[in-house]
Amino acid sequence: MTHQITFKILENIAQDLSGEQVSFPTFLDVTFKVRTALKNPNLNVEQLARLVSIEPLMSAKIIRMANSVALNVSGRPVADVKNAIVRVGMEAVRTISFAVAMEQLIHSRQMQAFADISRKLWDHTAHTAAICRILAPKIAPRINPDEAMFAGMVHDIGVFYLLSRAAPFPELVQNREALYDLLLGWHDNIGHALLSALGQPEQILIAVQEHEQDREIKREKTLSDVLFIANKIANSMSSWQSDNLDPNEHDLARVAQILDADTLQDIREKSREAIVSLKQALGS
């Protein structure tokens, strides 16, 4: 029975993502508008600030992030959206718009049955995003740290989406083994398809699709490599997966093949403060 339900969910998602409108209730109108606006090479801070100011929750989160420990080195607070955007950067606005959408999904009525998974997933997401931002300059200087952070923020968006589609089915709510089979087996490809439908850049799509795929890490590291390594580190600190499928030991061993012990320890120490700051900024 659960196999039939899984097939039905995947079939419905395929139909949904092949259409003109993506049925993902937490993606607020402002999220789409921000995504479209940021594609305009002539967009300036004033225009983006006016757009963001329409959505109070997003405005508050951008100001909070700008005043976070990680970004407010000077200690001088900002209280308006325009100066907050100047401090965090226009690229970070995209990250926050998606964070707002995912956070609303977590707190929606339809996700109450998966509250425990959602909390772990959001915690893991914050860890991965923060680690991506710290890791990128260390191992891939050509990668924009804000783009890396965005990749970390959306890398498991397929899990959020699948959970929202599984919620109406009591069989999956009650059968966690079948649920995790669905999530682990399909979240990377579903995430790729969803972000593609939302018009995200190719390098983000590839990184999300490949973030669970083991591979040889070459000297010239890509965004996909940064996300892969950050996800492994985040798994060892905060995994969303079932206790029976906890990948911590394997992930730590894999990371040790890529980073020396001192570098890994430095990243973990720096990320802890950044993670707290990021979660506070996002209101988690």
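In this chain, residues are counted from 1 in sequence order. The model shown is predicted, which means the values in this text are computed figures rather than measured ones.
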According to the ring-ring contact (aromatic ring centres under 6.0 Å, His included) rule, which pairs have a member within residues 209-236, sequence neighbours left out?
H155-H211, H187-H211
Taking salt bridge (charged side-chain N to carboxylate O under 4.0 Å, His left out) as the test, write out the residues that go with R50, two or more places apart.
none
Taking all non-hydrogen atoms of both residues, which atom of A167 and which atom of V173 are closest, and how far apart?
O-CG2, 3.7 Å
Does the side chain of R268 come under 3.5 Å of the side chain of S236 through a donor N or O and an acceptor N or O?
yes
Can you tell me if W240 and D156 form a side-chain donor-acceptor pair at under 3.5 Å?
yes
Treating R215 as the side-chain partner and E210 as the backbone partner, does any N or O pair qualify as donor plus acceptor under 3.5 Å?
yes
Indicate whether any N or O donor in one side chain lies under 3.5 Å from an N or O acceptor in the other, for D260 and T263.
yes
Side chains of R165 and Y161: is there a donor and an acceptor less than 3.5 Å apart?
yes
Checking the side chain of N67 only, and the main-chain atoms of I63 only, is there a donor and an acceptor separated by less than 3.5 Å?
yes
Are I139 and M237 co-members of a hydrophobic cluster defined by side-chain heavy atoms under 4.5 Å apart?
yes
For E46, check salt bridge (charged side-chain N to carboxylate O under 4.0 Å, His left out) against everything at least two apart and list the hits.
K82
Closest non-hydrogen atom pair between A37 and L43, with its separation
O-CD2, 3.4 Å
Using the side chain to side chain contact (heavy atoms under 4.5 Å, CB included) rule, pick out the option among I13, L195, V208 that qualifies with I190.
I13
Check salt bridge (charged side-chain N to carboxylate O under 4.0 Å, His left out) between D80 and all other residues, then give those that pass, not counting sequence neighbours.
none
Counting only N and O atoms by type, is there a donor-acceptor contact under 3.5 Å from the side chain of S238 to the main-chain atoms of A234?
no
Is the backbone of N44 close enough, under 3.5 Å, to the side chain of Q47 for a donor and an acceptor to pair up by distance?
yes
With sequence neighbours excluded, what pairs up with K221 under the salt bridge (charged side-chain N to carboxylate O under 4.0 Å, His left out) test?
none
Output yes when a side-chain donor or acceptor of R133 lies under 3.5 Å from a complementary backbone atom of M149, and no otherwise.
no
Side-chain heavy atoms of T128 within contact of L227, under 4.5 Å:
yes
Hey, is the main chain of D123 close enough, under 3.5 Å, to the side chain of H127 for a donor-acceptor pair?
yes
Among all residues two or more places apart in sequence or in another chain, which pass the side chain to side chain contact (heavy atoms under 4.5 Å, CB included) test with Q265?
E269
